[in-house]
Enquirer: 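Below is a structure I'd like to ask you about.
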Amino acid sequence: MPLQLYNTRTRRVEPFQPRRDGRVSIYVCGLTPSAQAHLGHARSFLFFDILRRYLTFSGYEVTYVQNVTDIDDRSIAAAHRLGVSWREIVDGYYAEFKRSMQRLGVREPDKEPYATEFIPQIRETIVALIERGYAYVASDGIYYRVGKFERYGALSNRNIAELEAGARIEIDEAKEEPLDFALWKFAKPGEPHWPFEPYGDGRPGWHIECSAMSHALLDPEGTGFDIHGGGADLIFPHHENEIAQSEPLMARPPMANFWLHGGLLLFDNRKMSKSLGNFEPLCDVLDRYDPQAIRLLFLRTGYGKVMNFTDEAMAGAEATLERLRRDYRALHAVAGSANGSVREGGALTARVVAALDDDMNTAAALREVLAAAGNAEAEGAAQRLAELRNALTLLGIEPDERWLAEPEALPLPSDLAAALRREIGEPWLDGIEDARAALERAIAERLAARAGKDWARSDRLRDALLRCGIELQDGKEGSVWSVVR
RNA sequence: GGCGACGUAGCCAAGUGGUAAGGCAGGGCUCUGCAAAAGCCCCAUUCGGCAGUUCGAAUCUGCCCGUCGCCUCCA
């Protein structure tokens, strides 16, 4: 059974078939960095990262393009508000987004085109649309004539008449029909602008950059590319408008064979959204939770489903991740002493592949991975470990050094010595600046207290250590410690 | 109002015709000076409601109720 994907365009699950054998072209609508990225963005890009990993794993040569809409009304507004240039706003937020993606293990796109780097191609596209009667020049900009494109509404399953009933013309817009949308906005004083002879200086409207850039980078012949992705909130109007802009100029539509949309993330049962203001910046969430746990949480829900984010669910994902790491470590230990050759593709790989072939059922894939990790039998351990590592990498939860390190081997908080002095306040810590030395001294003190059955002092020291981020666990062979976050 | 998605235990969630995965939380036990960790066990006669199709339904059909999304900037 080949890969099956839900295609928004046909509203059906269909077998995935690339246009050219062995090659897959993907265009995903990226970020508009006019504000901080949030977890909802992460969910979407995390999904496309896994899709890309899987296609690559399946032997395709994948070209993944994810654009940056680096010019829009909100970044201009934010720049005015803060008294800086829009470029600073956009670069700042985008750099933060990139750092967050890196922490989440999202691989860099093959190409990250900026809208402002494609102004010539955007102008060309607009000129072509004007020449064919799909666009017209108005007093404040150049607009797309929606009524001219008969398939308008096909992607989002809407009809123009109904849309018009609910649409409104903004006060200073001079467009012919309410549904018409801006391809180019003439610059008002103080706004960033690019030349466009003979029409007038200005900036591209939202939507047009994706038509121009996907054409330039993935589909120069105008015969379409394989997969176009984005969040479900982009289906209308953004993707509908992209199609309207692109397809009249193509030699052979459709613009993209497969349209894939990631389900939205709710927070407090409301859509996580810049405009609603109900979100925590992604970089802050990543400080609070292990990025791999966030990834694992998202894997447990179908990519296209609406998902509600809660701290409770997050705690569950962290617990699952910890167990997975422990199981992995145990399996690694067993496999190290076990002999047996590792062959390509085995039972686990086959199960994971079957799961992902089923419209990227990451929940089922994860289930297989967790079950395999939990099997600590020596028989076939090396094989299982190898497959497990591959499957985890496929899902983007890559086992790194931390997975194999004993908890005690992890780095200590840099301010541990000072923290211990503050919490314990006993003279034997004076002058010890080294974190490890201070920790070892404190543990030795506690062991002495335990040996003397001074349980009160023993518990006091254990509590103090915990407040400093060190958890002690007493076993038969003495105490082991680990760093808690 | 139009279009769409969803409603499974306290929470998250898988399962889409064959008799309810898993995790978290909660409870019990073992271990322990006490904890923690770990291990074992328990925790939905039932899948929003009501009809219907079927030998059989959480899964299919119809109606109803509820939540959310898109229809305006949004991943």
Side-chain angles (χ1 to χ4, degrees), chain A residues 8 11 28-32 34-35 37-48 66 69 72-75 77 97 153 156-159 161-170 178-179 181 206 229-240 261-266 269-276 279 282 296-302 304-324 326 355 361-368 370-371 374 407 449-450 453-456 458-459 462-463 466 471-476 479-482 484:
Chain A
T8 306
R11 287 184 281 285
V28 172
C29 286
L31 200 70
T32 302
S34 55
H38 54 68
L39 248 192
H41 297 112
R43 184 186 182 202
S44 200
F45 296 119
L46 237 16
F47 166 67
F48 288 108
Q66 185 176 296
T69 303
D72 83 315
D73 294 349
R74 283 173 306 163
S75 48
F97 169 74
S156 56
N157 192 29
R158 279 152 221 263
N159 68 64
E162 275 167 7
L163 284 169
E164 273 173 349
R168 278 208 323 258
I169 303 185
E170 302 275 333
L179 256 36
F181 56 90
W206 186 43
D233 53 348
L234 295 182
I235 299 172
F236 189 92
H238 184 55
H239 288 163
E240 197 72 70
H261 291 97
L264 298 184
L265 187 69
L266 307 183
N269 248 359
R270 307 290 308 182
K271 176 183 160 184
M272 197 172 283
S273 146
K274 294 175 197 173
S275 55
L276 293 175
F279 74 94
L282 178 56
L296 195 147
L297 178 71
F298 289 154
L299 287 172
R300 294 206 295 210
T301 305
K305 276 195 165 184
V306 172
M307 175 182 168
N308 193 27
F309 179 84
T310 63
D311 284 315
E312 219 177 349
M314 199 55 242
E318 289 201 306
T320 302
L321 178 65
E322 265 178 52
R323 203 188 62 239
L324 173 62
R326 204 167 47 238
N361 189 340
T362 52
L366 184 65
R367 188 159 57 235
E368 297 300 341
L370 293 175
R450 291 189 73 209
K453 298 204 190 301
D454 184 352
W455 307 126
S458 163
D459 290 350
R462 185 172 63 199
D463 291 346
L466 187 59
E471 185 174 58
L472 285 186
Q473 289 171 15
D474 299 329
K476 287 195 170 59
S479 298
V480 295
W481 58 268
S482 55
V484 296

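Order of the sequence lines sets the chain letters (A, B, ...), proteins ahead of strands, with each chain counted from 1. From a predicted model like this one, the values you see are computed outputs, not experimental measurements.
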Enquirer: Please report the distance, rounded to the nearest Å, between CD in A:Glu240 and P in B:C3.
Expert: 16 Å
Enquirer: Could you check whether the rings of A:Phe97 and A:Phe45 sit parallel, tilted or perpendicular, using 30° and 60° as the cut-offs?
Expert: perpendicular
Enquirer: Are OP1 or OP2 of B:A14 and a side-chain N or O of A:Lys305 less than 4.0 angstrom apart?
Expert: yes
Enquirer: Under 4.0 Å between any heavy atoms, over every strand shown, what does A:Asp474 touch: base, sugar-phosphate, or nothing? Just pick one.
Expert: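 Base contact - A:Asp474 has a heavy atom under 4.0 Å of at least one base atom.
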Enquirer: Just to confirm, is there a sub-4.0 Å distance from OP1 or OP2 of B:C70 to any side-chain nitrogen or oxygen of A:Lys271?
Expert: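 The answer is yes; a side-chain N or O of A:Lys271 sits under 4.0 Å from OP1 or OP2.
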Enquirer: Under 4.0 Å between a side-chain N or O of A:Asn308 and OP1 or OP2 of B:C11?
Expert: no
Enquirer: Under 4.0 angstrom, heavy atoms only, what part of the nucleic acid is A:Ser482 near: base, sugar-phosphate, or nothing?
Expert: nothing
Enquirer: For B:G4, does either OP1 or OP2 sit under 4.0 Å from a side-chain N or O belonging to A:Asn157?
Expert: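 Yes, within the criterion.
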Enquirer: Quick one: label A:His38 by what it contacts on the DNA or RNA (base, sugar-phosphate, nothing), any heavy atom closer than 4.0 Å.
Expert: base
Enquirer: Once you round to the nearest 0.5 Å, how far does NE2 of A:His261 lie from CD1 of A:Ile235?
Expert: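 Spacing of NE2 (A:His261) from CD1 (A:Ile235) equals 4.5 Å.
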Enquirer: At 4.0 Å (heavy atoms only), tell me whether A:Leu472 reaches a base, stays on the sugar-phosphate, or touches nothing.
Expert: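 Base, at least one base atom sits under 4.0 Å.
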Enquirer: With a 4.0 Å limit, can you tell me whether A:Arg270 has a side-chain N or O closer than that to the phosphate oxygens OP1/OP2 of B:G69?
Expert: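 True: A:Arg270 side-chain N/O within range (under 4.0 Å) of B:G69 OP1/OP2.
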Enquirer: Are A:Arg158 and B:C70 close enough that a side-chain N or O sits under 4.0 Å from OP1 or OP2?
Expert: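 No, outside the criterion.
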